[in-house]
Amino acid sequence: MSKEVRVRFAPSPTGPLHIGGVRTALYNYLFAKKMGGKFLLRIEDTDQARFVPGAEDYIQESLAWLGISAEESPWKPGENGPYRQSERKESYMQYALNLVEAGHAYYAFDTSEELEAMRERLTAARVVQPQYNSITRTQMKNSLTLPAEEVKERLASGEPYVIRVKIPRKEEVRLNDMIRGWVMVHSSTLDDKVLMKSDGMPTYHLANIVDDHLMGITHVIRGEEWLPSAPLHVLLYKFFGWEDTMPQFAHLPLLLKPNGNGKLSKRDGDKLGFPVFPINWENKETGETAAGFREQGYLQDAFLNFLAFLGWNPGIEREIFSLEELIDAFSIERIGKSGTKFDIEKAKWYNEQYLRSKSNQELALFIIDDAAKEGVEVNQKVAEQAAELTKGRVTFPGDLWKESKFLFVTLNSFDEDIASKKWNSDAVKVLSHYAKALKDFEGTFDAETAKSLLGSSAESEGIKLGKVMQAVRLSVTGSGTGPDLMEVFAILGPQEVAKRIQFALDTLPVLA
RNA sequence: GGUCCGUUCGUCUAGGGGUUAGGACGUAUCCCUUUCACGGAUAAAACACGGGUUCGAUUCCCGUACGGACUACCA
């Protein structure tokens, strides 16, 4: 009987949650649901200097938008709380002290200047990797080199200190990553990382291991940037004597820039014109707004689907998956190993697919809202017709109104290019005839009748309909392109169409 | 520089000792359409390189190249 799967997403509130972070959260969530386990959220706010107000709310709102809900979180505490590391501050010191007592960690009193000097000295001596390790610590000010009495005095006097892990000199550290397989590192390449900072806060390494242990985390699914420090984490589990319950690791491939090299950054989005954040982020200091997928018009289910396929796939050819289907299909084994370049075109395609699958009733709401913003009142029924007419032509919900606006607003201008090419005497003849026929029309006016009426107008003038079609469109919509014209006429009704044609007839100068 | 991770069409990927190396996005062409789009069809487009193992390697192994991450009292 295996124990319940428990995973966590552990963001730092240092700014807006990056899309890569959202994907990490999603994979954790999918895995938890798939395994019938629990997904927790823990805020890793141990760096007081980098704390950004509002970042936590941002995380909450972003995940809420996507429907990625945590069983336990700061906002929905369970029995493993608190869920903010700053609120767990008191507990970490004892664990660090236990490590000191067991000889796996030690106090260090070096100032940042002294550390800097050490690095410079080593660099000058052509040491390839200047770091605080099993060799260099013998020359620094710490509880390993200082007399016990002095250490005691320094501690008692309130002198600032840190607690560093004592990395063994010679040891193979192995871990079996669920995505990458066995990873082996020699301890001699690791350094004596700080566990407790001089401000009394733990570093990520300590807090993370202690909390994951305390919260019963069984699987750590996180970004690949953590892979280099994973051996340290394994060592810490061992030093604490928690090897038996050490979680399994899965290090996710990174999201890369669409072109060029490196990982995806905010700058890339700005430069290429797409968001890298789930929702808008207002930078309180600069007053700038970083664009979010939500505000750009990405549908949450489309975005989720797109995100899930960034580095993972179900192994079958279908690409449209609802959240439920994603949960059902998800497995860590099918996550790729290599970095994924971000492609906004694919995101757009997903959005189009989801948009088209939405009902007209739902889509009509977007049209009504956008119209209202411009002071135009649109009723549900016509908005639904407009949605049906235009949903195959758009990428974002906001495009619906742009594409159908002409249905609701009387136009006052015409595409000049089309007018100069197509507005000729033949067109005027046919349209004059058609306008009259429309004014006199009685009965049910649908696309069929609109078309046959137009056809007979052309015929009675002895003109081929195809030759004047664009002019007809121009006269009613002002544009040379758009959705099916006869459907447009049916929505507008004979009187409105006639009125518009008459306006065009009165306004546009006829070509020679 | 060091450590670790990676490398199949431009991009996301499937596959896996013998395949016409499959799909999707994007691109191009055609069909549909009295427009544009949608939809349908077709096309161009990939196993980084060099060795080994093998009857046979894109697939396994080793190098090389290239890319990436990490290398803080940041996470």
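Here is the naming used below: chain letters follow the sequence lines, and residue numbers restart at 1 for every chain.
Between the CG atom of A/L227 and the C1' atom of B/U71 there is a distance of 13 Å, given to the nearest Å. Taking atom CD of residue A/E317 and atom P of nucleotide B/G15, one finds them 11 Å apart after rounding to whole Å. The CD1 atom of A/I320 sits 18 Å away from the P atom of B/G23 (whole-angstrom rounding).
Heavy atoms from other residues, nucleotides or ligands lying under 6.0 Å from CD of A/E448 number 12 at most. Residue-environment remark: CZ (A/R318) exceeds the threshold of 12 foreign heavy atoms within 6.0 Å. Heavy-atom neighbours of A/E87 CD from other residues, nucleotides or ligands within 6.0 Å: above the threshold of 12.
Atom-to-atom distance recorded for A/R164:CZ and A/L144:CG is 11.5 Å, nearest 0.5 angstrom.
Side-chain N/O atoms of A/K451 include one lying less than 4.0 angstrom from OP1 or OP2 on B/U34. Put simply, A/T481 has no side-chain N or O that comes within less than 4.0 Å of OP1 or OP2 on B/A37.
Closest to the A/Q470 side chain, of the nucleotides B/A75, B/U35, B/C25, is B/U35. The side chain of A/E345 lies closest to B/G26, out of B/C73, B/C5, B/G26.
Residue A/K337 is in sugar-phosphate contact alone, with no base atom involved, counting any heavy-atom pair closer than 4.0 Å across all strands shown. Residue contacts for A/S479: at a heavy-atom cut-off of 4.0 Å it reaches no nucleic acid atom on any strand shown. Within the 4.0 angstrom heavy-atom criterion, no nucleotide atom of any strand lies near A/R222.
A heavy atom lying under 4.0 Å from RNA chain B marks the following residues of residues 191-200 of chain A, by number: A/V194, A/K197, A/S198.
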Can you tabulate the close N/O pairs, meaning under 3.5 Å, that link protein atoms to atoms of nucleotides 47-49 of chain B?
none

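With hydrogens and angles ignored, the 3.5 Å screen pairs no side-chain donor or acceptor of A/T340 with any backbone N or O of A/L255. A donor-acceptor pair under 3.5 Å is absent between the side-chain atoms of A/S73 and the main chain of A/A70, judged by distance alone.
With ring centers used as reference points, A/F306 lies 6.0 Å or more from A/Y354.
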